[in-house]
Novice: 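Can you read through this structure? Questions will come right after.
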Protein chains: 2
Amino acid sequence: MFTVFTMTEPRDRILNCACELYLKDGFEGFSMRKLARRVGVTAPALYRHYENREKVLLAVVGQAHNVLARYLYRSLAGETPRERFARAGEAYLDFALDHPRYFQMIYSFAEFMGLDEVPEEVAEETCAVERFWHDRVRECVEAGLLRSHELEEIGLSLWAHAYGLISLYLHGMLDVPEETFRQMYAGSFVRLLRGIATPAYASELEAELEAEEALPDAGPVKPAAK
Amino acid sequence: MFTVFTMTEPRDRILNCACELYLKDGFEGFSMRKLARRVGVTAPALYRHYENREKVLLAVVGQAHNVLARYLYRSLAGETPRERFARAGEAYLDFALDHPRYFQMIYSFAEFMGLDEVPEEVAEETCAVERFWHDRVRECVEAGLLRSHELEEIGLSLWAHAYGLISLYLHGMLDVPEETFRQMYAGSFVRLLRGIATPAYASELEAELEAEEALPDAGPVKPAAK
DNA sequence: GTCTATAATCCGATAGAC
DNA sequence: GTCTATCGGATTATAGAC
């Protein structure tokens, strides 16, 4: 009389455990037997709910995309195109640092599965992310911040730059602590921005830079407490 | 009387086959048994020459770095800092497109092997590449092409941008033919360049851009044959 | 230096009883 | 929907004969 549905559908329980397992052991360490152990059933039981290992991992990639989407959409709370743009860049970084394995999975699922084509579900979600960036750029172009000639290409430059920086860091190629990396990310972002900004916005960025350099040493000024 | 040494040391024969095998089957498909079959011996024989699978793959990474180095050093034939800089960017791209698996291996060896630290041999070779870029940038700074304030960081921006663009392409996230991608790479490179160039060089780039846009449609002008 | 034989695991997936 | 039992395969790596 009380429980019309089971607390969680078995398919969802499996998916949750699959995400946990992937985040713990990565792609290679992910096996149906380990997954079964984590769920608390035997391996054959899983095949009632997922056709095979690939389908399970495909569902995990879906989750990864969901989490990324949550981070990105949060940046829409910014009140101006410029702010939404900047927040989107931060959101992408936050997602990658909070969930490095998800970040990696999104871009290298096909390789790991030995597929020579990106599965359609994944390709669609990638497109959505691209469109999101495109929208942020378009807004900024319309607001006179970014150059209008190269609307499409500008999005690509931004994406590639952010992705590259983050990947190098996650691969351990940049031997710096996280906080330092965040500063490098922000700094590098501004350098690229100068190259794609309208002359008006570029000189504004220039002025900000000079103001910062005029300061003694540290970054943003904090009111001296005490 | 004629053959003082065997034609190739067994260690080298194994390494050659290991490279071939890795380039064909990738990281996951690489097993000691397959390698043995390719060499023409049985698996246990390999362990006389390499301690284990990891050591073999470490040697393959070394080869990957050698090939990359060859590509990069070729760009030193350029006669001005600006030309060497541009050629280095092309060389990095050529290497990645000619040897995508080597490119990937260089940056994700640790992940694939499940190590949580980049092995020292690999880290050293990465540093060498970084220094190479740093030298190209320094030359350009000294020639008055690039901004001097941010010498270190500029190299990082360039590296991350190139790496990101190439990785996205190799991961199948950019659905374009290779020739199109090369053009995108070149175009994106210029956008970043504008952001790190000295005002003098930046306005020179700007002039080039306007000259191109004045043309009807296509890229560089070719003399109309026949 | 190479071989045969084998240890010791692990894997994905299925058949068929319950 | 879950179980037991199992098929059929893969893997790294070693022992010991030659």
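Hydrogens, waters and symmetry mates play no part in the numbers below; they use all other heavy atoms, side chains included.
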Novice: Report the distance from atom CG of B:Asp12 to atom C1' of C:dG1, rounded to the nearest whole Å.
Specialist: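 Taking CG of B:Asp12 and C1' of C:dG1, I get 16 Å after rounding.
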Novice: Taking the side chain of A:Pro44 as its heavy atoms from C-beta onward, which of D:dG1, C:dA13, D:dT4 lies nearest to it?
Specialist: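 In terms of side-chain proximity for A:Pro44, the closest of D:dG1, C:dA13, D:dT4 is D:dT4.
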Novice: Kindly say if A:Thr42 contacts the phosphate of D:dT2, meaning a side-chain N or O under 4.0 Å from OP1 or OP2.
Specialist: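 For D:dT2, neither OP1 nor OP2 has a side-chain N or O of A:Thr42 closer than 4.0 Å.
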Novice: To the nearest Å, how far apart are A:Tyr50 OH and C:dA13 P?
Specialist: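 Going from OH in A:Tyr50 over to P in C:dA13 covers 15 Å.
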Novice: All N/O contacts under 3.5 Å from nucleotides 9-11 of chain C to the protein, with atom names and distances to one decimal?
Specialist:
| residue | atom | partner | partner atom | Å |
| --- | --- | --- | --- | --- |
| C:dC11 | OP1 | A:Ser31 | OG | 2.8 |

Novice: Once the angle between the rings of A:Tyr102 and A:Phe95 is folded into 0 to 90°, is it parallel (under 30°), tilted (30 to 60°) or perpendicular (over 60°)?
Specialist: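 Rings of A:Tyr102 and A:Phe95: parallel, as their planes differ by under 30°.
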Novice: Just how far, in rounded Å, is C1' of C:dT14 from NE2 of A:His49?
Specialist: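 So the two atoms are 16 Å apart, to the nearest Å.
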Novice: Is a side-chain N or O of B:Arg136 found less than 3.5 angstrom from the main chain of B:Phe85, in a donor-acceptor match?
Specialist: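 Looks like no, no N/O pair under 3.5 Å.
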Novice: Write down the distance between CD (A:Glu54) and C1' (C:dG12), rounded to a whole number of angstrom.
Specialist: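 To the nearest whole Å, that distance equals 13 Å.
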Novice: Hey, which sits more toward the 5' end of DNA chain D by its nearest nucleotide, A:Val41 or B:Asn52?
Specialist: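 With B:Asn52 and A:Val41 compared, the 5'-side residue is A:Val41.
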Novice: Does B:Glu178 have more than 12 heavy atoms from other residues, nucleotides or ligands lying within 6.0 Å of its CD?
Specialist: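 Yes, enclosed.
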Novice: Round to the nearest Å and state the distance from B:Glu51 atom CD to D:dA13 atom P.
Specialist: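 About 9 Å, once rounded to whole Å.
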Novice: For B:Ile14 and B:Val39, work out which heavy atoms get closest and say how close.
Specialist: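 For B:Ile14 and B:Val39, the tightest heavy-atom pair comes out as CA-CG2, 4.2 Å.
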Novice: Do you know which of B:Phe112, B:Phe109, B:Phe27 makes ring pair (Phe, Tyr, Trp, His ring centres under 6.0 Å) with B:Tyr22?
Specialist: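 Result: among B:Phe112, B:Phe109, B:Phe27, B:Phe27 is the only option passing the ring pair (Phe, Tyr, Trp, His ring centres under 6.0 Å) with B:Tyr22.
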Novice: How many Å lie between CZ on B:Phe112 and P on D:dT11, as a whole number?
Specialist: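 It is 17 Å, rounded to the nearest whole Å.
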Novice: Please report, rounded to the nearest Å, how far the P atom of C:dC3 is from the OH atom of B:Tyr47.
Specialist: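 Atom-to-atom, B:Tyr47 to C:dC3, this comes out as 14 Å.
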Novice: How many Å lie between CG on B:Leu35 and P on D:dA10, as a whole number?
Specialist: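 The answer, rounded to whole Å, is 17 Å.
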Novice: Is a salt bridge present between B:Lys24 and B:Glu20, judged by a nitrogen-to-oxygen distance below 4.0 Å?
Specialist: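 No salt bridge links B:Lys24 with B:Glu20.
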Novice: Does atom CG (B:Asn52) have a neighbourhood of more than 12 heavy atoms from anything else shown, all under 6.0 Å?
Specialist: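 Yes - once you tally the heavy atoms of other residues, nucleotides and ligands closer than 6.0 Å, there are more than 12.
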